[in-house]
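Mind having a look at this structure? Questions to follow.
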Amino acid sequence: MPVLTIDGPSGSGKGTISRLVARRLEWHYLDSGALYRAIGVAAGWGDIDLGDPAALVRCTFDTRIDFREHDGDLRVLVNGTDATDELRTETAGAAASAIAAIPEVRAALKDRQRAFRRLPGLVADGRDMGTVIFPDAAHKVFLTASAEERAERRYKQLNDKGVSVTFAGLLREILARDARDASRAVAPLRPAEDAVTIDTTGVAIDEVVTRVLGLMAP
Ligand SMILES: Nc1ncnc2c1ncn2[C@@H]1O[C@H](COP(=O)(O)OP(=O)(O)OP(=O)(O)O)[C@@H](O)[C@H]1O
Ligand SMILES: Nc1ccn([C@H]2C[C@H](O)[C@@H](COP(=O)(O)O)O2)c(=O)n1
């Protein structure tokens, strides 16, 4: 069953590009970061300390996560409650990044991620899609962009939503998240050996989509 993996750091455009490519190919889509974010949100709801790995592992097993298509939008339900907006906050991202460093949490999410592999194909975005979850994927992409451009993208995205943030604060968070995701012992953020890296700094979204689809052409 064909899989295209798109990995990369925060703000590199994985989610945007994966969704567009999946739509063009009419393939399924897995937003693996949403799973880690959902555990972070569920832990917050349950007052679970992010420094308590055993409780976080229990929380991972106990949390139901469902994806629903609604008006062309992908909604994420955590234990039956629509948590899509809460999932996208920087707080949820930072919690997800911390939780994602716990090996037992990663192990508990492995099969849930692999279950998304269905015909006619899957586009999977995350940090370890090409290295750990779908090492046999036929197509692997690693997206990058300078930290400044990624912070600028996030700044615009949050500003458009009316969320008050500073560029300097976002840049700091992005650099901290990059460092944590890349330095953890298990499944660190890195390109698979057989991935094609695309630097998207200054490259328009449509052009990145065209390049990814071009890599898949027979
Ligand atoms: N090539 C690009 N040029 C300009 N803006 C882009 C590009 N790719 C994505 N963006 C914009 O950058 C923002 C972040 O993109 P996106 O959420 O897809 O990144 P991500 O890598 O999935 O981030 P995260 O890992 O934090 O979820 C969005 O507002 C998106 O529209
Ligand atoms: N395959 C994945 C996906 C996500 N994570 C962790 C690391 C990220 O900082 C955090 C949030 O992911 P995002 O929604 O920003 O893609 O979740 C991971 O370790 N592995």
Side-chain angles (χ1 to χ4, degrees), residues 5-22 29-41 43 50 56 60 65 74 76 83-84 86-103 105-110 112-114 116 123-135 137 141-161 163 165 170 173-190 192 198-212:
T5 60
I6 303 191
D7 289 304
S10 178
S12 57
K14 304 176 301 294
T16 306
I17 303 304
S18 298
R19 265 179 261 254
L20 290 169
V21 169
Y29 166 57
L30 165 63
D31 174 2
S32 64
L35 299 175
Y36 291 94
R37 286 172 184 261
I39 305 303
V41 165
L50 289 183
L56 290 167
T60 305
I65 307 163
L74 190 65
V76 187
T84 315
E86 190 172 345
L87 246 58
R88 297 318 311 167
T89 61
E90 293 306 303
T91 310
S97 173
I99 288 170
I102 303 170
V105 168
R106 304 199 72 84
L109 289 177
K110 240 183 206 174
R112 286 205 211 179
Q113 294 171 86
R114 290 184 176 150
F116 280 80
V123 181
D125 103 52
R127 303 292 188 290
D128 61 343
M129 296 295 99
T131 49
V132 175
I133 304 298
F134 302 110
V141 171
F142 192 82
L143 293 185
T144 61
S146 70
E148 288 73 18
E149 170 138 348
R150 291 186 281 125
E152 186 61 44
R153 290 176 185 172
R154 190 68 77 210
Y155 181 76
K156 279 199 191 115
Q157 191 180 32
L158 293 172
N159 240 9
D160 289 348
K161 284 190 196 162
V163 181
V165 280
L170 285 174
E173 277 170 27
I174 277 189
L175 291 171
R177 190 124 73 94
D178 283 359
R180 201 165 36 225
D181 292 347
S183 66
R184 66 177 174 233
V186 184
L189 167 69
R190 64 172 175 82
I198 301 179
D199 184 347
T200 70
T201 312
V203 184
I205 290 173
D206 285 358
E207 174 58 25
V208 181
V209 170
T210 303
R211 285 195 203 174
V212 172

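As the structure lists them, so they are numbered: ligands from 1, and atoms in each ligand from 1. Computed over heavy atoms, backbone and side chain alike; hydrogens, waters and symmetry mates excluded. Position 1 is the first residue of the sequence, and the numbers go up from there.
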Ligand 1 contact by Gly8, heavy-atom criterion under 4.0 angstrom: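 Heavy atoms of Gly8 never come under 4.0 Å of ligand 1.
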
Per atom 16 (O) of ligand 2, closest listed option by heavy atom (Arg127, Met129, Gln113, Arg180):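 Ranked by closest heavy atom to atom 16 (O) of ligand 2, first place is Arg127.
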
Best match, Arg153, Arg37, Lys161: closest heavy atom to atom 10 (N) of ligand 1: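 Residue with the shortest heavy-atom distance to the ligand atom: Arg153.
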
For atom 20 (N) of ligand 2, the protein heavy atom that lies nearest, with its residue and separation: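 Checking every protein heavy atom, the shortest distance to atom 20 (N) of ligand 2 gives Arg106 NH2, 3.1 Å.
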
Contact check, side chains of Glu90 and Val163, non-hydrogen atoms, under 4.5 Å: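 No, side chains not in contact.
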
Any side-chain donor near an acceptor of the partner, Thr60 and Arg112, under 3.5 Å: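 Not at all, the side chains of Thr60 and Arg112 share no donor-acceptor pair under 3.5 Å.
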
Geometric N/O contact Arg184 with ligand 2, under 3.5 angstrom: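 Yes, since at least one N or O of Arg184 sits under 3.5 Å from an N or O of ligand 2.
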
N/O separation below 3.5 Å, Lys14 to ligand 1: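 Checking ligand 1 against Lys14, an N or O pair does fall under 3.5 Å apart.
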
Identity and distance of the protein heavy atom lying nearest atom 6 (C) of ligand 2: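 Protein heavy atom at minimum distance: Ala100 CB, 3.6 Å.
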
Per-atom contacts, ligand 1 versus Arg127 - under 4.0 Å to a heavy atom: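 Here the atoms of ligand 1 in question are 25 (O).
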
Test item, Ala145 contacting ligand 1 (heavy atom, 4.0 angstrom):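 Checking ligand 1 against Ala145, which is what was asked, there is no heavy-atom contact under 4.0 Å.
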
Atoms in ligand 2 flagged as close to Ser97, the criterion being non-hydrogen separation under 4.0 Å: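 In order of numbering, the contacting atoms are 9 (O), 10 (C).
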
Protein heavy atom at shortest distance from atom 10 (C) of ligand 2: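 Ranking protein heavy atoms by distance from atom 10 (C) of ligand 2, first comes Ala96 CB, 3.6 Å.
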
Test of proximity, Gly11 against ligand 1: N or O pairs below 3.5 Å: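 Right, the criterion is met.
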
Atom 11 (C) of ligand 2: nearest protein contact (heavy atom, Å):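 Minimum-distance protein heavy atom for atom 11 (C) of ligand 2 reads Arg177 NH1, 3.5 Å.
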
Residue selection (non-hydrogen contact nearest atom 29 (O) of ligand 1) among Glu152, Gln157, Arg150: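 Heavy atom nearest to atom 29 (O) of ligand 1 belongs to Gln157.
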
Protein contact to atom 17 (O) of ligand 2 [nearest heavy atom, distance to 0.1 Å]: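 So the nearest neighbour among protein heavy atoms is Tyr36 CB, 3.6 Å.
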
Test side chain to side chain contact (heavy atoms under 4.5 Å, CB included) applied to Arg150 and Ile174, Thr201, Thr144, Leu175, the passing residue: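 Single pass found, and it is Ile174.
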
Those atoms of ligand 1 less than 4.0 Å from some heavy atom in Arg88: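 Near Arg88, meaning under 4.0 Å from one of its heavy atoms, ligand 1 has 27 (O).
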
Shortest protein contact, atom 3 (C) of ligand 2 (heavy atom only):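 Here the closest protein heavy atom is Ser32 OG, 3.4 Å.
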
Which of the ligand 1 atoms, numbered from 1, are nearer than 4.0 Å to a heavy atom of Thr16: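 Numbered from 1, ligand 1 contributes 9 (C), 15 (O), 16 (P), 18 (O), 30 (C), 31 (O).
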
Any N/O pair Glu149/ligand 1 closer than 3.5 Å: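 Checking ligand 1 against Glu149, no N or O pair falls under 3.5 Å apart.
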
Part of Glu90 with heavy atoms under 4.0 Å of ligand 2, whether side chain, backbone, both or neither: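 Answer for Glu90: neither.
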
Non-hydrogen atom of Arg19 closer than 4.0 Å to ligand 1: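 Arg19: no contact with ligand 1 (<4.0 Å).
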
Those atoms of ligand 2 less than 4.0 Å from some heavy atom in Arg37: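 It comes down to these atoms of ligand 2: 11 (C), 13 (P), 14 (O), 15 (O).
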
Atom indices of ligand 1 within 4.0 angstrom of Gly13 heavy atoms, with elements: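 Numbered from 1, ligand 1 contributes 8 (N), 9 (C), 15 (O), 16 (P), 18 (O), 19 (O), 20 (P), 21 (O).
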
